[in-house]
Amino acid sequence: MNKEQILETETDFIQSDKFDDNIEKYGYNDNTCECCGKQLKNKNNAIQTLEGPRVILAKVTNKEIEDAGLNQQGLFILGNDCIKKYPKEYRIKF
């Protein structure tokens with residue numbers, strides 16, 4: 001995919017209104033859902049993001065991102081409920 005194709009399919013990152021409250025309540029660490037701020041029971045769901053953060057299709061490779069001159073922000077690990085906020089083509093399952 002080229003830059004235009006990648007950017008054409010990007011979508012907004014969705015963060016819960018309760019994120020800050022949950023971070024205050026549970027703390028922030030490697031087991032935190034990036035969407036809602038709750039602690040994860042398992043880490044088997046993610047979305048791929050560019051700086052912004054902007055969510056991109058799961059099938060876009062790191063090489064395609066690099067070749068397009070875009071900056072990847074990385075994978076955001078999400079809980080089972082939060083991953084459902086994204087269409088299937090954006091979801092990464094481990």
Side-chain angles (χ1 to χ4, degrees):
M1 294 184 95
N2 64 34
K3 183 176 183 174
E4 290 76 26
Q5 290 170 319
I6 294 170
L7 295 177
E8 204 169 85
T9 62
E10 69 181 358
T11 189
D12 291 326
F13 174 66
I14 304 164
Q15 192 167 62
S16 169
D17 293 338
K18 297 181 181 185
F19 180 82
D20 291 332
D21 293 337
N22 286 332
I23 294 298
E24 191 173 311
K25 182 176 181 178
Y26 303 113
Y28 184 86
N29 58 42
D30 289 344
N31 289 321
T32 300
C33 174
E34 295 291 343
C35 178
C36 70
K38 291 182 180 178
Q39 294 297 296
L40 300 168
K41 293 178 184 168
N42 54 51
K43 298 195 293 190
N44 56 5
N45 300 300
I47 52 171
Q48 182 172 215
T49 61
L50 299 176
E51 285 184 337
R54 303 286 295 166
V55 180
I56 59 173
L57 295 172
K59 70 179 184 179
V60 179
T61 67
N62 289 340
K63 178 143 178 40
E64 289 173 318
I65 293 168
E66 185 179 304
D67 289 349
L70 298 168
N71 294 317
Q72 184 180 37
Q73 190 163 354
L75 296 180
F76 283 9
I77 306 297
L78 303 181
N80 291 331
D81 290 333
C82 292
I83 196 72
K84 295 174 186 173
K85 296 178 182 182
Y86 297 93
K88 288 182 181 182
E89 60 268 17
Y90 291 87
R91 301 176 193 176
I92 298 170
K93 188 82 167 166
F94 302 113

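Note that the structure is predicted; figures quoted are calculated from it, not measured.
Side-chain contact between Asn45 and Ile77 is absent, with no heavy atoms from C-beta onward closer than 4.5 Å. Put simply, the side chain of Leu7 does not reach to within 4.5 Å of the side chain of Ile56, judged on heavy atoms. Side-chain atoms of Cys36 and Lys18, non-hydrogen and from C-beta on, never get closer than 4.5 Å to each other. A 4.5 Å side-chain heavy-atom check between Glu10 and Val55 finds every atom pair outside the cut-off.
Here Asn71 contributes atom CG and Leu50 contributes atom CG; the two are 8.0 Å apart, rounded to the nearest 0.5 Å. Atom CG of Leu40 sits about 10.5 Å away from atom CG of Asp30, to the nearest 0.5 Å. Atom CD of residue Gln48 and atom CZ of residue Arg91 lie 15.5 Å apart, to the nearest 0.5 angstrom. In this structure, CG on Asn2 lies 8.5 Å from CD on Glu8, to the nearest 0.5 angstrom. Put simply, NZ on Lys59 and CD1 on Ile6 are 10.5 Å apart, with the number rounded to the nearest 0.5 Å. Separating the CD atom in Gln5 from the CG atom in Leu57 is a distance of 10.5 Å, to the nearest 0.5 Å.
Atom CD of Gln72 sits in a crowded spot, with more than 12 heavy atoms from other residues, nucleotides or ligands closer than 6.0 Å. More than 12 heavy atoms of other residues, nucleotides or ligands shown are found within 6.0 angstrom of CD on Glu89.
The side chain to side chain donor-acceptor pair (under 3.5 Å) check on Lys63 picks up Asp67, with sequence neighbours excluded. Residues passing the ring-ring contact (aromatic ring centres under 6.0 Å, His included) test with Phe13, sequence neighbours excluded: Phe76. Under the salt bridge (Lys or Arg N to Asp or Glu O under 4.0 Å) criterion, Asp20 pairs with no residue, sequence neighbours left out. Partners of Ser16 under the side chain to side chain donor-acceptor pair (under 3.5 Å) rule, at least two apart in sequence or in another chain, do not exist in this structure. Remark: Tyr26 engages no residue in a side chain to side chain donor-acceptor pair (under 3.5 Å) (not counting sequence neighbours).
Side chain of Lys43 to backbone of Phe94: no donor-acceptor contact under 3.5 angstrom is found.
When all heavy atoms are compared, the tightest approach of Asn29 to Thr32 is N-OG1, 2.9 Å. Across all non-hydrogen atoms, the minimal contact from Cys35 to Gln15 is O-CG, 3.3 Å. Of all the heavy atoms in Pro53 and Gln73, the pair that sits closest is CB-OE1, 3.3 Å.
Chaining together hydrophobic side chains whose heavy atoms lie under 4.5 Å apart places Phe19 alongside Ile23, Tyr28.
One hydrophobic cluster, built from ILVMFWY side chains closer than 4.5 Å, cannot hold both Ile92 and Tyr90; they sit in different ones. No continuous path of ILVMFWY side-chain contacts below 4.5 Å connects Ile47 to Leu75, so the two sit in separate hydrophobic clusters.
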